[in-house]
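The sequence lines fix the lettering, A, B, ..., with proteins before strands; numbering per chain opens at 1. Please read all numbers here as calculations on a predicted model, not as lab measurements.
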Amino acid sequence: MHGRPTEEELRGPTLMRASRRALSLIGRCTTARQMKQVQSNLTVSGTLSDPYAVGKILTFFAASDPSYADQFFDFLPFPCGATFVWNTMIRSLVDRNEHAAAFSLYRSMASEARLLPNNYTFSFLLNACAELVDICCACTLHCQAIKLGWESYDFVQNGLVHVYAICGDLDSAHALFNASEIKDVITWTALINGYSKLGQVDVARELFDEMPHRNSVSWNAMINGYVQVGLCKEALELFNNMQATSGLLPSPAGIVGALNACSLLGALDQGRWIHAYVDKHQISLDQMLRSALIDMYAKCGCVEMALDVFERMPKAERDVFAFTSLISGLANHGEGEAAIKLFERMESEGVVPNEVTFICVLSACSRMGLVDRGLRIFGSMREVYKIEPQAQHYGCLVDLLGRAGMLREAKKVVEEMPMEPDSYALGALLNACRVHGEIELGRKMVEGLAHRKLDHGGVHVLLSNIYASASQWGDVVQVRRGMEENGVRKVPGCSSIEVNGAVFEFVVGDRSYMSVDEIVLTLAGMDKHLKSLGPVEEGEDERADSG
DNA sequence: CTAGGGTTAG
């Protein structure tokens with residue numbers, strides 16, 4: 001029996017009595033109408049007491065019509081539905097991110113249905129705790145699992161190690177790991193992951209080297225662990241190592257990690273190599289992998305390829321990540337107009353922007369000097385998308401107004417925003433003060449911040465930059481001296497870029513690397529060239545915008 | 001019927 005069910009099969013009154021055939025039929029239903037028809041036949045024939053059939057129907061509706069699934073479950077003629085059906089329902093609630101409902105169902109399992117949870121129940125709910133990073137809940141479940149005798153079952157064991165590790169309680173996770181008699185790849189990987197998330201990559205690496213068997217998930221956990229703490233070279237080294245030694249094909253998730261490392265390093269050649277590798281081995285290009293490719297190309301300075309990956313993406317897969325990555329890439333390459341156009345295209349294609357998208361598109365507006373457009377987009381956040389602007393968005397607004405020379409308006413935003421301005425908002429305002437020669441305003445702001453103990457290194461550096469722009473060297477020295485005396489430090493900026501396959505790293509103020517003279521000369525040349533082009537007339541872009 | 005890994009931010 002293969003293929004879609006025929007009308008005859010669906011209507012067949014006697015067929016339902018045989019549970020196995022019912023299961024096969026359920027498996028072949030593709031529409032809600034078909035499934036409901038089978039469901040009513042099962043109800044009439046009494047086969048609905050088969051929990052496997054019920055479970056399959058539940059799972060089908062949980063994915064397509066959740067409220068119908070809930071209804072179906074509520075009206076099931078219990079006690080025919082065994083623990084299995086409850087587990088299925090709990091799992092589908094967890095899948096739908098309705099964790100609270102899943103836990104409440106767990107509670108009524110004993111009270112209403114007089115059913116005891118089993119190893120499956122615990123495994124699903126421990127997973128839910130891990131998603132919520134809720135260690136209290138995990139402890140409660142742990143106790144109950146012990147009480148009911150499910151503690152030492154493999155999935156429960158691994159679920160416990162995983163949840164404690166994710167919640168950062170590595171002592172508990174490791175203790176369970178040590179006591180565990182099963183210790184499979186999953187137990188090891190859960191622990192490695194926990195240490196990575198805490199930033200303890202050395203411990204994670206030791207475990208990784210020590211574990212008896214590694215699969216691609218274990219490799220990925222370690223690769224991503226390195227990326228998370230910024231050890232991108234180590235991440236790529238491990239990624240290459242995996243190809244060379246393990247004989248495993250990396251999964252899309254692992255490739256995302258490696259591409260991430262390339263993005264952070266600016267390692268275009270390595271990124272290209274990975275892209276080619278993906279093509280060659282026909283690794284499936286899923287949504288996330290495509291977004292990671294777009295991001296990698298954009299961050300490595302190759303917007304054309306970023307665009308190419310985007311356009312080749314099936315339309316239905318172009319999600320908010322793909323759009324936002326590209327919008328950000330375009331904005332960062334001076335293609336502000338294209339970034340805004342893409343944002344509009346996103347809207348017209350019905351892809352809903354999120355808070356990150358707004359940061360990217362607003363910054364595109366501010367670099368283009370498109371004040372009105374930026375203000376309109378900012379307004380649409382709340383009005384159209386019901387996204388409450390965060391400090392970061394107010395920061396973008398300050399930048400938008402400040403760059404355009406509307407200092408008073410920018411200052412007003414800083415003063416009236418509903419939360420404490422973050423360093424970006426303050427930095428944007430101070431930067432605007434520098435560009436537009438508003439020395440007094442800048443000075444007063446920093447003084448006010450220092451008074452309220454809200455000053456940090458970056459703010460003082462910006463103030464000294466303001467003085468420097470105005471050639472007030474005495475004040476520059478004073479600010480710097482004040483910073484020294486008060487022990488204020490700014491974290492030095494750093495960046496990296498790949499040239500001919502080798503990655504070079506730079507730290508502000510460090511002149512020890514090779515060809516520093518050449519770089520400084522080139523920069524001076526670029527600066528001179530830009531200045532020779534003359535200033536862009538104020539308001540020029542705004543007119544182009546409305547015209 | 002089950003578990004561990006992944007994407008966008010000035």
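Residue A/M296 contributes atom CE, which lies 14 Å from atom P of B/dA9 at whole-angstrom precision. For the pair A/M381 CE and B/dG10 P, the computed distance is 15 Å after rounding to whole Å. Here B/dT2 presents its C1' atom at 13 Å from CH2 of A/W150, a figure rounded to the nearest Å. Rounded to an integer number of Å, the gap from A/F378 CZ to B/dA9 P is 20 Å. Atom-to-atom, CD of A/Q287 to C1' of B/dT8 comes out at 13 Å; the value is rounded to the nearest Å. Summarising the geometry, the separation between CG on A/D184 and P on B/dG4 is reported as 12 Å, rounded to the nearest angstrom. One interatomic measurement links the two molecules: CD1 of A/I182 to C1' of B/dA3, which rounds to 10 Å at whole-angstrom precision.
Looking at the side chain of A/N215, the nearest of the listed nucleotides B/dG10, B/dG4, B/dT2 is B/dG4. Among the nucleotides B/dG10, B/dT7, B/dG4, the one closest to any side-chain atom of A/Q392 is B/dG10. Listed nucleotides B/dT7, B/dT8, B/dG6 differ in distance to A/L289; the shortest reach to its side chain belongs to B/dG6. For A/R91, the side-chain atoms get nearest to B/dT2 when compared with the rest of B/dT7, B/dT2, B/dG4. Nearest nucleotide to the A/C396 side chain, out of B/dC1, B/dG6, B/dG10: B/dG10. Considering only the side chain of A/H162, B/dG4 comes nearest among B/dC1, B/dG6, B/dG4. Listed candidates were B/dC1, B/dG4, B/dG6. Nearest to the side chain of A/M288 is B/dG6. For A/N119, counting side-chain heavy atoms from C-beta on, the closest listed nucleotide (B/dG10, B/dT2, B/dG6) is B/dT2.
With sequence neighbours excluded, no residue forms a ring pair (Phe, Tyr, Trp, His ring centres under 6.0 Å) with A/F103. Residues that satisfy the side chain to side chain contact (heavy atoms under 4.5 Å, CB included) test with A/N118, not counting sequence neighbours, are A/T83, A/N87, A/Y120, A/T121, A/W150.
Neither OP1 nor OP2 of B/dT2 sits under 4.0 Å from any side-chain N or O of A/N118. Side-chain nitrogen and oxygen atoms of A/S328 include at least one within less than 4.0 Å of the OP1 or OP2 phosphate oxygen of B/dG10. Distances shown here put a side-chain N or O of A/K299 below 4.0 Å from the OP1 or OP2 atom of B/dA9. The side chain of A/N354 places no N or O atom within less than 4.0 Å of a non-bridging phosphate oxygen (OP1 or OP2) of B/dA9.
Just one residue in the list A/E234, A/R205, A/K233 forms a side-chain hydrogen bond (donor to acceptor under 3.5 Å, both in side chains) with A/Y226, and that residue is A/R205.
If you look at A/F122 and A/H142, their ring centroids are not closer than 6.0 Å.
A distance cut-off of 5.5 Å between ring centres, combined with a plane angle under 30°, places A/F155 in a stacking arrangement with the base of B/dT2. Where stacking is scored as ring centres under 5.5 Å apart with planes under 30°, A/Y120 registers as stacked on the base of B/dC1.
One donor-acceptor pair, N or O on each side, does fall under 3.5 Å between the base of B/dG4 and the side chain of A/T189. Looking at A/N260, its side chain has no donor and acceptor atom pair within 3.5 Å of the base of B/dG6. For A/S123 against B/dT2, a side-chain-to-base donor-acceptor contact under 3.5 Å is present.
Using a cut-off of 4.0 Å between Lys/Arg side-chain N and Asp/Glu carboxylate O, A/R96 and A/E131 are scored as not salt-bridged.
Using cut-offs of 30° and 60° for the angle between ring planes, the A/Y52 and A/F84 rings count as tilted.
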